[in-house]
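Below is one structure, written out as structure tokens; the observations come after it.
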Amino acid sequence: MTDRLVIRRPDDWHVHLRDGAMLEAVAPHTARQFARAIVMPNLVPPVTTVAAANAYAGRIRKAAGPGFEPLMTCYLTDGISPDEIERGYAEAAWVAAKLYPAHATTNSAHGVTAVAKIAPALERMQKIGMKLLVHGEVTDKAVDIFDREAVFIERVLAPLLRDFPGLKTVFEHITTKDAADFVTAGPATLAATITPHHLAIDRNAIFEGGIRPHLYCLPIAKRAIHRTALRKAAVSGSRKFFLGTDTAPHAVQTKEAACGCAGIFNAPVALESYLRVFDEEGALDRFEAFASENGPDFYGLPRNEGRIALARAKATAPERVKATPGDVVCYLGGQDLGWRYEGAVA
Ligand code: DOR
Ligand code: ZN
């Protein structure tokens with residue numbers, strides 16, 4: 001049995017770091033485990049300009065401390081300027097742009113109402129090699145919340161890939177067998193991130209013994225067959241799947257509310273929570289590629305040089321992280337993770 005794993009230092013290809021006091025509270029947790037992270041732009045107001053991205057990157061660096069590199073993203077809005085997108089890419093202010101369907105999730109009110117509205121931006125991104133990151137859910141209220149990802153593939157993603165065949169696209173935080181199959185069968189320009197929670201829970205967990213607001217996120221967890229398919233994809237060895245936690249902190253009072261926010265905060269236990277799954281699947285040997293190689297390879301960025309270690313050990317996940325305007329409840333809080341993150345090794 002493998003009791004200690006030493007791997008290339010990983011990156012997190014999907015995080016929400018927020019801003020202000022919340023950023024200061026959560027950023028060190030991501031920086032503790034990851035060299036780089038793709039930072040989502042769904043702030044209020046959203047990050048739509050080069051100036052805003054540069055200023056935000058500066059605040060993240062300060063909050064995270066030395067040795068952490070935020071990889072910024074641009075929030076796509078209807079009619080966003082292709083010139084601004086290209087300038088930010090050329091100046092390395094951002095590496096990708098995020099498509100939020102308008103009203104799909106937290107702070108997505110300024111998102112895209114129809115792909116046609118961002119066609120000039122997508123054309124430009126395709127030309128310059130800039131990546132597109134997609135929140136893959138339709139917002140049509142007539143579509144059942146558990147079907148929104150599968151319907152998105154058919155209505156939006158498949159046509160988009162057909163119209164922009166050279167555009168490198170990441171289908172973010174996939175939650176269904178439909179998505180895993182679609183990515184597996186798709187072109188080399190298509191990849192996907194998978195969160196630790198979607199690998200671990202199915203929709204029953206959200207209602208176990210009562211409503212569990214801290215397991216509510218978007219896209220929402222689906223039936224068990226989907227979780228099984230995601231696990232299979234993650235450990236398959238396919239280079240198209242990689243680590244993206246979607247860590248999404250919200251103050252406890254905004255989660256435990258009559259209308260609670262969507263998001264699971266997993267940054268303090270990110271690697272351990274993934275490793276548990278790979279261990280259960282008998283696939284510890286596949287973890288390094290998922291966590292540390294497939295992401296940079298897809299983005300065309302160098303792999304990290306350093307190495308980190310994880311050891312099989314009793315390790316209790318923290319219950320909460322102190323934050324303002326309220327503490328943030330941690331994913332798996334109070335549970336034994338079975339693995340301990342040991343940090344950098346020579
Ligand atoms: O659960 C989620 N939380 N899903 C998202 O897409 C956004 C995120 C957030 O920003 O809180
Ligand atoms: Zn997200």
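We count ligands from 1, going down the list as the structure has it; atoms in each ligand are counted the same way. Keep in mind that what you see is a predicted model, and the values were worked out from it rather than measured.
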contact_flag K255 ligand 1 heavy-atom lt 4.0 Å: no
Whether M40 lies under 4.0 Å from ligand 1, heavy atom: no
Best match, N107, L43, L218: closest heavy atom to atom 1 (O) of ligand 1: L218
Option passing side-chain hydrogen bond (donor to acceptor under 3.5 Å, both in side chains) with T175 (candidates H197, H226, E149, R227): E149
Cut-off under 2.8 Å, centre the Zn ion (ligand 2), protein N/O/S atoms: H14 NE2, H16 NE2, D246 OD1
Nearest neighbour in protein (non-hydrogen) for atom 7 (C) of ligand 1: T105 OG1, 3.2 Å
Taking the inter-plane angle between the rings of [X] and [Y] on a 0 to 90° scale, is it parallel (under 30°), tilted (30 to 60°) or perpendicular (over 60°)?
X    : Y    : answer
F287 : Y274 : tilted
F242 : F298 : tilted
H14  : H173 : tilted
F171 : F152 : tilted

Salt-bridge criterion met for E281 and R286 (N-O under 4.0 Å): no
Salt bridge R307-E288, side-chain N to carboxylate O under 4.0 Å: yes
Under 3.5 Å between some N or O of ligand 1 and some N or O of [X]?
X    : result
Y100 : no
A248 : no
A262 : yes

Is it the side chain (CB and beyond), the backbone, both or neither of [X] that lies under 4.0 Å from ligand 1, heavy atoms counted?
X    : answer
C217 : both
H197 : neither
N42  : side chain

Main-chain N/O of R8 paired with S292 side-chain donor or acceptor, under 3.5 Å: yes
